[in-house]
Amino acid sequence: MITGIDLGTTYSAVAQFDKHGRPVIMGNEKAEPLVPSCVAFFDDQWWVGREALRQWITGPNNAAARFKRYMGTSERFDIGEDSCTPTELSTRVLRHMHHIALGHLDEVDTTVVTIPANFSVEARQATIDAAKQAGLNMDYIINEPTAAALYYAFSGDLEGDGHYAVYDFGGGTFDISLIHIESGQVDVIASNGVSRLGGMDFDRILQKIVREKYEKEAETTLDDQELNEVPFDLVNIEQLKRRLSRRETVTVFAKGILLEITRQEFEESISGLIMQAEVCCGSTLREANLSSSELSGVILAGGSTRVPCIRKSIEQTFTDIPLIESMNVDEVVALGAVIYAAIRCDSSQHNAVQNAAIAPLHLQEVTNMNFGTVYVGFHEDTGMPYQANSVIIKKGTPIPCSKHESYFTMYDGQNEVKCRITECAREETDLNEFIRIISDDTILKLPDLPSGAIWPENEEIIVTFSYDENQIMHCSFEHKSSGHSEEVVLDFNRASDDSDESSDS
Amino acid sequence: MMIRPNIRGIQIEPASSLGPSGVKVRVSDVESLDLNVKQVEFRGVIPLERDLCFGEIVTSLFDCTGGRLLPIQCDFPEFQEEETSAFQMTYDIGEIGGSLEFQEWTCIGLISPMFINGPFEDTRNLMVVTRLVDLDLEYEIRHGQVISHDGVFWTGIKKFKLDLFDDGYLESQIRLHKFHFTSINLAVLTAAKCGHIKTQTIEVIQEKMDNWLDEADSLDKIYDGYRNSQERSEKYSRQLDQALQKAKNKTLRPSRFLTELKQRCSPAQATELIQFCFDVIMTNQTITAPALELIDNIAKTTRIDTKELEKIRDDRIIKVGTGSDFDIPAEQFLGINSYWKPHKKIKHLESEFHKWNSRLNLVRDEDTRENIQRMLNMIGEALRKYR
Ligand SMILES: Nc1ncnc2c1ncn2[C@@H]1O[C@H](COP(=O)(O)OP(=O)(O)OP(=O)(O)O)[C@@H](O)[C@H]1O
Ligand SMILES: [Mg+2]
């Protein structure tokens, strides 16, 4: 059997592809579809989910939450005596989700896990590591907005073929993708996001509002400990935020004082954050050369799309475009993930109904980074040499793709060329810290010439990058006149080699 | 533009007596060449007090306009002193004994304005100093000044006029030092505008000064008017001390330094200075509006283009927090001019947002990421005002 896991910042969900060819969320033993992405250690054992969340509120010293944002960084989370990496914590959540799946299924052959569209290489790698350490059989990951799009394409809830925006505003990240759908063929055109923008940021802001109100009324200041207690703690605040999505005003009873919070003041203070999503949507439309009026619909995903002013913002950004949403915006990503798993696995693993259900579906992703190499140029006025980045495969190129570019040797007798591969999110030429060199240990040697002759300058080196559907990039550096070449293979799906060292917790 | 600063000249030994046959040095035009090339000639008998085995005539060259001796530099190693790039010609006279005799005028070297470089550009009074040295004994000549005398037997001097076209080397040296002093003052001022000046900030300024001084030491080949590196470094330290003192008394003002920059500052120097000021800010870990304003002013004065300024700012600014609660308007932070139309401001803010948002994920350092996110939040807040 196959599963799809949405490893969310605040909530995670797991779905299966049932024997009737439908994606279905699998609830936990209490039949809850969403599991808080929270890990705790108490009573001599590890907990994941609601129990852990409860612990996180009352005694945050032995629990951790909201760690997805820190995937792939050196950030640590202290749980009791342990100092856990975000990868280790994600491993526990994934294991828990897998365990839920095993409550419904006899066995799980393949799992697809989702990541935000603009996750960094490290974060992506860390997610793959976490899945591996959780013992999942995961061959593929999929971008969250793409998964959402896939689900809607599958469910037939769309307004026919055409261009769509997928607007995914979750707990920790904001993602926007533009896609084109034509009879089951889902083509991603552009994907962007703000990696640290989500419902949890609203929670913090609301907490500040409540706190300030209270402090003003009570004429005291709250300390950190009190902020972890009802009603100021983040879980309570999140509930308050949800209530504000339904009502204009809510009241909070705080230590004997009644506080009134209005939706207006809350929305006023998060409008700067929402502005970020708007800017991001605008630049993505520009990147894809689309105007919003060309869209057939805006597909919604993520729990934060229920916030009324986010609604308004969407309606403003995409004027008069129908909004498409399911009842459970926070489940569509997991559902899309399992559909992707179904598409990717061998048809012999499915029954006839399942095969028929996914038959019309095809997915084409785009590269989410620029890939290039480093060359040497000369300053026009000073003649001084400098190193610069030259992009070969641009961000947003449909996968699979293959591109080549020629470069030339610099001086007579040059007999080797360093094969460097760079990655950057924005086309940049200056080699700065925003350009990552992802491979530089390969050297292309030009063959020796007979009787001590040397190669002249300006020998052509053809650099070809081929990015395939399995997120593997073959990079070849070929010396044209001799045919000698070197190849570097980068597998963006594979767990990093040092994952084993960091695996023991 | 001419700078006539109070620069120390070189001290040389007095000329030796002419001797019985009236030894002479003369400088004459070379008729066959019309490139204003001069030849140095020598005639006469020099009686030797001891046996000279292997002799050499060493000729140094000074600018002596105004009575002060400043060495002439040369670009070609064949005509340089061993340790410095001061002009020096040597004429090998081989093995001799008793006395040295030149019956006829003998050319001992050529001077062409093409390959020498004087302290100042102009028609200048030059002076050749010709010395007879014994190669078997120690002698050391540095910037045309005899450091160790044992091997020097005889000194002859001759003055002449020459047109020097190139930028004077001392002019550029002095300009460089001035630029350094201006930079030190502006760096201190930047620090002062960030609040109080921290020890780390002073350390960063000192470090920069040390780099300059090291560079000067390695360039010691060119005479810059200081007796030695010690003296140079003391001069720099004094500048820093005075600037700090003035900052403390709140009497350090930018206008004078900005005027100086306007007069002489290359684009490369302007970039260096702005980077330096940002480095200073970074030690403070918060950015204040007045400090940014000063940097903007420096950029404007030195006509650094906005792209370059943006590059420098991008490079440094994300390393510092912006203070927890956006105490600086985003506009200032992001190089937005207040007189721009709202439309232009929005466009600029959006492109800054796009830039930083795409960069965020490629930055490895968590603190930097947080700073970038804070910057994004700031841009979001700023955009609210215009949209
Ligand atoms: N009715 C509501 N009103 C406001 N916010 C809501 C509502 N329902 C859910 N949310 C918010 O949605 C967020 C959770 O959404 P979702 O489950 O889609 O995110 P996630 O998958 O955990 O995060 P991400 O996809 O960013 O990693 C939480 O911040 C939650 O507070
Ligand atoms: Mg999500």
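In the text below, chain A, chain B and the rest are named by the order of the sequence lines, each starting its count at 1.
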Visitor: May I ask you to decide if B:Leu362's main-chain N or O and A:Arg436's side chain share a donor-acceptor pair within less than 3.5 Å?
Guide: yes

Visitor: Are B:Arg384 and A:Glu268 side-chain neighbours, meaning at least one heavy-atom pair lies under 4.5 Å?
Guide: yes

Visitor: If you draw a 6.0 Å radius around CD in A:Gln264, do more than 12 non-hydrogen atoms from other residues or ligands fall strictly inside?
Guide: no

Visitor: Can you tell which part of B:Gln373 gets under 4.5 Å to a heavy atom of chain A, answering side chain, backbone, both or neither?
Guide: side chain

Visitor: Minimum heavy-atom separation for B:Ser358 and A:Ala425, please, with both atom names.
Guide: O-CB, 2.9 Å

Visitor: Using the rule given for side-chain contact (heavy atoms from CB on, under 4.5 Å), can you reason through B:Arg369 versus A:Arg69, listing the C-alpha separation, both sets of side-chain angles and the distance that settles it, and then say yes or no?
Guide: CA-CA 11 Å; B:Arg369 283 194 198 200; A:Arg69 262 190 198 176; over 6 Å; no

Visitor: Would you find more than 12 non-hydrogen atoms of other residues, nucleotides or ligands less than 6.0 Å from A:Asp223 atom CG?
Guide: yes

Visitor: Measuring from atom OG of A:Ser271 to atom CD of B:Glu381, what distance do you get when rounded to the nearest 0.5 angstrom?
Guide: 6.0 Å

Visitor: Could you check if a side-chain atom of A:Arg286 sits within less than 4.5 angstrom of a side-chain atom of B:His354, using non-hydrogen atoms only?
Guide: no

Visitor: At what distance, to the nearest 0.5 angstrom, does CD of B:Glu370 lie from CD of A:Glu75?
Guide: 7.0 Å

Visitor: Start with the C-alpha distance between B:Glu366 and A:Tyr70, add both sets of side-chain angles, then the distance that settles side-chain contact (heavy atoms from CB on, under 4.5 Å), and finish with yes or no.
Guide: CA-CA 9 Å; B:Glu366 178 55 27; A:Tyr70 300 97; 3.3 Å; yes

Visitor: By side chain to side chain contact (heavy atoms under 4.5 Å, CB included), which residues pair with A:Ser390, not counting sequence neighbours?
Guide: A:Tyr375, A:Tyr407

Visitor: Check whether A:Ser283 gets within reach of chain B through its side chain, its backbone, both or neither, counting any heavy atom under 4.5 Å.
Guide: side chain

Visitor: So which part of A:Glu427 gets closer than 4.5 Å to some heavy atom of chain B, the side chain, the backbone, both or neither?
Guide: neither

Visitor: Is it the backbone or the side chain of A:Glu122 that comes under 4.5 Å from a heavy atom of chain B, or both, or neither?
Guide: side chain

Visitor: Quick one: CG on B:Leu383 to CD1 on A:Ile274, what's the gap to the nearest 0.5 Å?
Guide: 13.5 Å

Visitor: Relative to chain B, which of A:Glu423, A:Lys395, A:Glu278 shows the most heavy atom pairs under 4.5 Å?
Guide: A:Glu278

Visitor: Working to the nearest 0.5 angstrom, can you tell me the gap between B:Asn357 CG and A:Gln276 CD?
Guide: 7.5 Å

Visitor: Please identify each residue that fulfils side-chain hydrogen bond (donor to acceptor under 3.5 Å, both in side chains) with A:Thr284, with sequence neighbours left out.
Guide: A:Asn192

Visitor: Please classify the contact between A:Arg124 and chain B as side chain, backbone, both or neither, with a heavy-atom cut-off of under 4.5 Å.
Guide: neither

Visitor: With a 4.5 angstrom heavy-atom cut-off, which part of B:Lys311 approaches chain A: side chain, backbone, both or neither?
Guide: side chain

